[in-house]
Number of protein chains: 2
Amino acid sequence: MQPLTRQQIHQQISASGLKATSQRIVVFEAMAALHGQHPTAEEVYQHLHAANPSISLGTVYKTLDTFVEAELIRRVLSEEGGKRYDAGMSPHSHIYCSNTKEIIDFEDEELEKLLAAFFSQHRLENFELKGFSVQLTGNKLEPGKQISITRVSK
Amino acid sequence: MQPLTRQQIHQQISASGLKATSQRIVVFEAMAALHGQHPTAEEVYQHLHAANPSISLGTVYKTLDTFVEAELIRRVLSEEGGKRYDAGMSPHSHIYCSNTKEIIDFEDEELEKLLAAFFSQHRLENFELKGFSVQLTGNKLEPGKQISITRVSK
DNA sequence: TTCTTAACTAAGAATAATTCTTAACTAGTA
DNA sequence: TACTAGTTAAGAATTATTCTTAGTTAAGAA
């Protein structure tokens with residue numbers, strides 16, 4: 001996917017009922033650039049600070065929470081106790097590596113379907129389900145390399 | 001399930017290769033007592049402090065992390081950015097209420113089987129899978145009441 | 001275009017959460 | 001019973017996050 005233009009970002013922010021300030025546009029761009037990295041507020045700030053030295057860390061904190069509330073981005077669940085954010089709004093799961101502390105996006109259509117089917121057959125009373133994700137805990141074997149999924153032939 | 005005796009706790013801690021100090025036994029008991037609440041270190045400290053005023057908060061922090069490493073307890077993922085712990089070691093999932101900030105245990109044998117089957121048929125390259133669980137995010141509709149799951153007849 | 005105003009931001013203080021340091025203590029073992 | 005590696009209390013230090021306030025700005029109205 002190609003990056004959004006500033007106009008498109010402006011529009012998205014406005015469409016959520018928020019003022020499209022220059023700070024918000026920059027934070028949104030940074031989140032898009034850090035897609036897949038699930039950054040903390042501090043990391044977003046580091047990323048945008050060189051090009052935008054006047055944007056304060058406090059603003060980044062506040063803006064990210066504002067975006068979550070407006071459902072422009074999501075909070076990512078975390079094992080390590082910091083607040084992390086995810087620009088990806090399409091359904092996907094996360095792998096949590098206990099050793100490397102990485103949080104890795106994990107998209108598998110079959111798994112999504114399996115869960116969607118399960119939760120369409122089971123209703124949670126008194127709960128409005130917005131999304132689900134699978135937490136896989138374990139250790140990455142070779143920290144430098146990627147993790148991939150393959151089907152095992154029966 | 002009935003509570004473990006101090007001897008049994010002592011044994012479990014020793015079996016993990018840790019010194020079974022009185023502080024660790026008390027922390028373990030507190031975790032068992034707070035089962036289902038996914039407490040923070042501070043909350044564990046609050047719970048045990050009245051009966052054990054000499055145990056320091058720092059020790060509670062350290063002990064909980066030691067227990068996680070020894071796999072006596074688990075970290076629970078959090079949306080809110082604090083470290084939370086779970087004494088329940090049997091497979092179960094969690095429901096995250098964004099509005100009430102609750103984390104609710106959710107056990108469903110059918111779901112566990114479904115996932116176990118999926119991950120036995122799909123191999124993750126470069127990852128040693130230790131466990132999995134599902135996170136459901138959304139909002140509780142009536143904060144006072146409970147959430148329950150019901151099967152929808154086709 | 002200019003005006004108006006509610007919403008937003010920078011800066012840094014304040015608070016909360018977590019880790020670190022060090023000297024004293026203790027469980028497990030010889 | 002003594003030894004020693006591992007553990008702990010206390011509080012300092014660090015890190016993460018929120019709050020406060022005065023000034024600024026986007027967006028709609030005149």
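Note that this is a predicted model, so its numbers are computed, not measured. Chain A is the first sequence line, chain B the second, and so forth, proteins listed ahead of strands; every chain is numbered from 1.
Mapped onto DNA chain D by nearest heavy atom, B/E80 and B/T63 fall at different nucleotides, with B/T63 at the one closer to the 5' end.
Between B/Y45 and B/H49, the angle of the ring planes lies from 30° to 60°, which puts this pair in the tilted group.
Residue contacts for A/A20: at a heavy-atom cut-off of 4.0 Å it reaches the sugar-phosphate backbone alone, with no base atom in range. Among the heavy atoms of the strands lying under 4.0 Å from B/S56 is at least one base atom, whether or not backbone atoms are also near. Within the 4.0 angstrom heavy-atom criterion, only backbone atoms of the sugar-phosphate kind lie near B/S54; the bases stay farther away. Within the 4.0 angstrom heavy-atom criterion, no nucleotide atom of any strand lies near A/G81. Using a 4.0 Å heavy-atom criterion, one finds that B/K83 contacts the sugar-phosphate atoms exclusively. Within 4.0 Å of B/S14, counting heavy atoms only, lie sugar-phosphate atoms of the nucleic acid but no base atom.
Taking 4.0 angstrom as the limit, A/H10 places a side-chain polar atom (N or O) nearer than this to OP1 or OP2 of D/dA27. Note on B/T21: a side-chain N or O is less than 4.0 Å away from OP1 or OP2 of D/dT8. The side chain of A/Q23 places an N or O atom within less than 4.0 Å of a non-bridging phosphate oxygen (OP1 or OP2) of C/dA10.
Using a 4.0 Å cut-off between charged side-chain N and carboxylate O, A/R6 and A/E29 make a salt bridge.
Here the side chains of A/F119 and A/L129 are in contact, with some heavy-atom distance below 4.5 Å.
Summarising the geometry, the separation between CG on A/L64 and P on D/dA16 is reported as 15 Å, rounded to the nearest angstrom. Separating the CD1 atom of A/I13 from the C1' atom of D/dA27 is a distance of 14 Å, rounded to the nearest angstrom. In this entry the distance linking OH of B/Y85 with P of C/dA17 reads 13 Å, nearest Å. Distance, B/F67 CZ to D/dT7 P: 11 Å, rounded to whole Å. Across the protein-nucleic acid pair, A/R24 atom CZ and C/dT9 atom C1' stand 10 Å apart, rounded to whole Å. Nucleotide C/dA17 holds its P atom 10 Å from the CZ atom of B/R84, rounded to whole Å. Taking atom CD of B/E42 as the reference point, atom P of D/dT17 lies 17 Å away to the nearest angstrom. Regarding B/L57, its CG atom lies at a distance of 14 Å from the P atom of C/dA16, rounded to whole Å.
With C/dT19, D/dA9, D/dT7 as the choices, the nucleotide that has an atom nearest any side-chain atom of B/D65 turns out to be C/dT19. In the set C/dA27, D/dA9, C/dT9, C/dT9 carries the atom at the smallest distance from any side-chain atom of A/T59. In the set C/dT18, C/dT9, D/dA16, the nucleotide with an atom closest to the side chain of A/Y61 is D/dA16.
Under a cut-off of 6.0 angstrom, the local environment of CD in A/E80 is crowded, with over 12 non-hydrogen atoms contributed by other residues, nucleotides or ligands.
Counting distance only, with no hydrogens placed and no angle test, the side-chain atoms of A/K19 and the base atoms of C/dA7 include a donor-acceptor pair under 3.5 Å.
Across all strands shown, C/dT2 is found opposite D/dA29 as a Watson-Crick or G-U wobble partner, with both distances under 3.5 Å.
Each of B/Q37, B/H38, B/E43 was scored for a side chain to side chain donor-acceptor pair (under 3.5 Å) with B/R84, with one residue passing: B/E43.
For the 3.5 Å distance criterion, the side chains of B/H94 and B/D86 qualify, holding a donor opposite an acceptor.
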